[in-house]
Structure formats: structure tokens, C-alpha cells
Amino acid sequence: MNEIEKIAQQIQQDPANHPYTSQGWRPIFQAPLEARMVIVGQAPGARAQASGVCFDDLSGNRLREWLGVSEEQFYQSGQIAVLPLDFYFPGKGKTGDLAPRKGFAEKWHPLILEQLNEVELIILAGAHAQAHYLGKRRYKTLTQTVQHYQEYLPTFFPIPHPSPLNGRWLKKNAWFEKEVVPDLRERVSRLINC
């Protein structure tokens, strides 16, 4: 058993996660030791929780399109880690899934990231991920933070969450797919193909 597997076991045994593990749920994340990039999202959706696979949904399809990677590259290249802010589906809210639990990422992300010695880029997908990792360095809105993404490089690359619920934002902010996505794809391609 490697260190990541041990951490996954600790997550499952944590009493705070009992409401999820008692339903037979496993923590949903992927963290190959040789990963060169990490995608930080919100929390698994219901479909991802059911399948046990990160971004196994429409959000994942859009994310892979933005990254310029195939499903095989995303899941099997060993170059991409996915660390949601919570590794369990939080439930449905009025306008989408509930927010990830507070304190979860603070407790588990450092332990996992400590094992991933090859990481060169952390992609922050959505406002929750940006708030957690950028803190006061982020702008007042997600739109402004994403517009100024170059300020956070080379470590962080903030993007909107790829959720289908963000279709209106993408139409209103066409510059993202025209100007930012090509830069994102180029950086991802360099990391995966070198």
C-alpha cells in the first residue's frame, strides 16, 4: 500500500466522513504519484460519486475539452491529479450541488500534495477552489480572477467551473474560450507530452 492509498484509508476512517462511508461511498479523487498537474474542483457530483470516477459527468467533458486531453489521457496518463475540495458528493442545493464542507481540504490536501513531488501546475476550477488556494490574492469576482490568470502563474491557473450551469457565464465571457483556453491547452500539452 502506497502513501496515497494509506491517506485514502484514513479519509474513509475519519468519523467526520461516517455519513458518507456508511452509505458505502468511497472518497473520490485521483492522485498518481507522478502527476505533473493537479485540478482542484468543488466536490464530486452525484454521477461521479456513483461511478467512483472524478469528473465522470458533463462537467468532465467540458473540462477535458478545455484542457485538450482525451479521457484516456485524463484518467490513465498518470500526469493528472484531481483533488476536489471535498471528496464526497455534498448533496443537492437550490441552484446546483451544495458547497464542499469547510475544513476538509485544509485537512487532507496538504497530506496528498506532499506525496506529489512532480506537480508544476495547479488548475483552480471555480470560485471555491480559487478562494481556498488564492485567498486574499484573488479579485472580487471569479471573472476578474480568471481575466488576470497570468498573475498566478506559473503555479496556479484559475478557470471557471466547467459545470453546464455556467453556460450563461461562458456566453457572456467569450474571451475565456478564445484567449485563455488556448494558453491552458498549451501548458497542459507541454506537461503531458514531455
Side-chain angles (χ1 to χ4, degrees), residues 1-33 35 37-57 59-60 63 80-146 149 151-152 155-163 165-166 169:
M1 183 180 293
N2 68 29
E3 287 304 311
I4 297 295
E5 291 166 337
K6 288 178 187 172
I7 293 167
Q9 197 172 61
Q10 291 167 11
I11 292 167
Q12 288 181 279
Q13 293 169 352
D14 188 324
N17 298 324
H18 179 73
Y20 307 101
T21 56
S22 65
Q23 298 179 63
W25 290 3
R26 292 187 348 266
I28 308 299
F29 70 100
Q30 68 183 43
L33 294 172
M37 78 186 81
V38 175
I39 299 162
V40 179
Q42 188 166 312
R47 184 170 160 185
Q49 186 70 65
S51 71
V53 178
C54 300
F55 280 109
D56 181 24
D57 51 23
S59 295
L63 177 62
I80 301 174
V82 180
L83 299 182
L85 293 176
D86 193 336
F87 300 159
Y88 296 95
F89 171 59
K92 282 280 182 202
K94 287 182 182 176
T95 59
D97 295 346
L98 294 172
R101 289 175 290 166
K102 293 190 184 312
F104 188 93
E106 290 86 345
K107 183 171 186 176
W108 300 107
H109 280 206
L111 297 174
I112 294 169
L113 290 171
E114 193 176 300
Q115 305 303 317
L116 308 182
N117 299 316
E118 306 296 321
V119 171
E120 295 181 39
L121 182 67
I122 300 175
I123 298 167
L124 304 174
H128 290 286
Q130 291 160 25
H132 181 77
Y133 276 91
L134 300 179
K136 293 180 180 177
R137 293 176 53 207
R138 73 191 195 284
Y139 284 78
K140 285 186 178 180
T141 68
L142 174 136
T143 301
Q144 291 172 314
T145 301
V146 174
Y149 75 94
E151 294 178 19
Y152 307 105
T155 305
F156 298 112
F157 199 125
I159 63 173
H161 195 281
S163 167
L165 297 175
N166 283 340
W169 186 94

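What you see is a predicted model; the values in this text were computed from it and never measured. In this chain, residues are counted from 1 in sequence order.
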Who pairs with Tyr152 by ring-ring contact (aromatic ring centres under 6.0 Å, His included), at least two apart in sequence or on another chain?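 With neighbours one apart ignored, the set is empty.
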
Between [X] and [Y], is there a donor-acceptor pair closer than 3.5 Å when you use the side chain of the first and the backbone of the second?
X      : Y      : value
His109 : Pro84  : yes
Arg47  : Asp56  : yes
Gln144 : Arg138 : no
Glu114 : Leu111 : no

Hey, what's the ring geometry for Phe87 with Phe104, parallel, tilted or perpendicular (30° and 60° as the breaks)?
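The arrangement is perpendicular - the two ring planes meet at more than 60°.
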
Restricting to salt bridge (charged side-chain N to carboxylate O under 4.0 Å, His left out), what partner residues turn up for Asp57, sequence neighbours left out?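 Expected list: none.
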
Could I get the full list of side chain to side chain contact (heavy atoms under 4.5 Å, CB included) partners for Ala81, not counting sequence neighbours?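 In terms of side chain to side chain contact (heavy atoms under 4.5 Å, CB included), with neighbours along the sequence ignored, Ala81 is linked to Pro32, Ala35, Val38, Leu116.
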
With Ile28 via side chain to side chain contact (heavy atoms under 4.5 Å, CB included) - residues at least two apart: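 Ile28: side chain to side chain contact (heavy atoms under 4.5 Å, CB included) contacts with Pro44, Gln49, Cys54.
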
Applying side-chain hydrogen bond (donor to acceptor under 3.5 Å, both in side chains), can you list everything that pairs with Glu151, at least two apart in sequence or on another chain?
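With neighbours one apart ignored, the set is Tyr139.
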
**Request:** Provide the full list of side-chain hydrogen bond (donor to acceptor under 3.5 Å, both in side chains) pairs with a residue in residues 19-32, sequence neighbours left out, each pair given once.
**Result:**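 Listed by first then second residue: nothing to list.
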
State, with a plain yes or no, whether a side-chain heavy atom of [X] is found less than 4.5 Å away from one of [Y].
X      : Y      : answer
Pro162 : Phe55  : yes
Asp86  : His128 : no
Lys92  : Leu98  : no

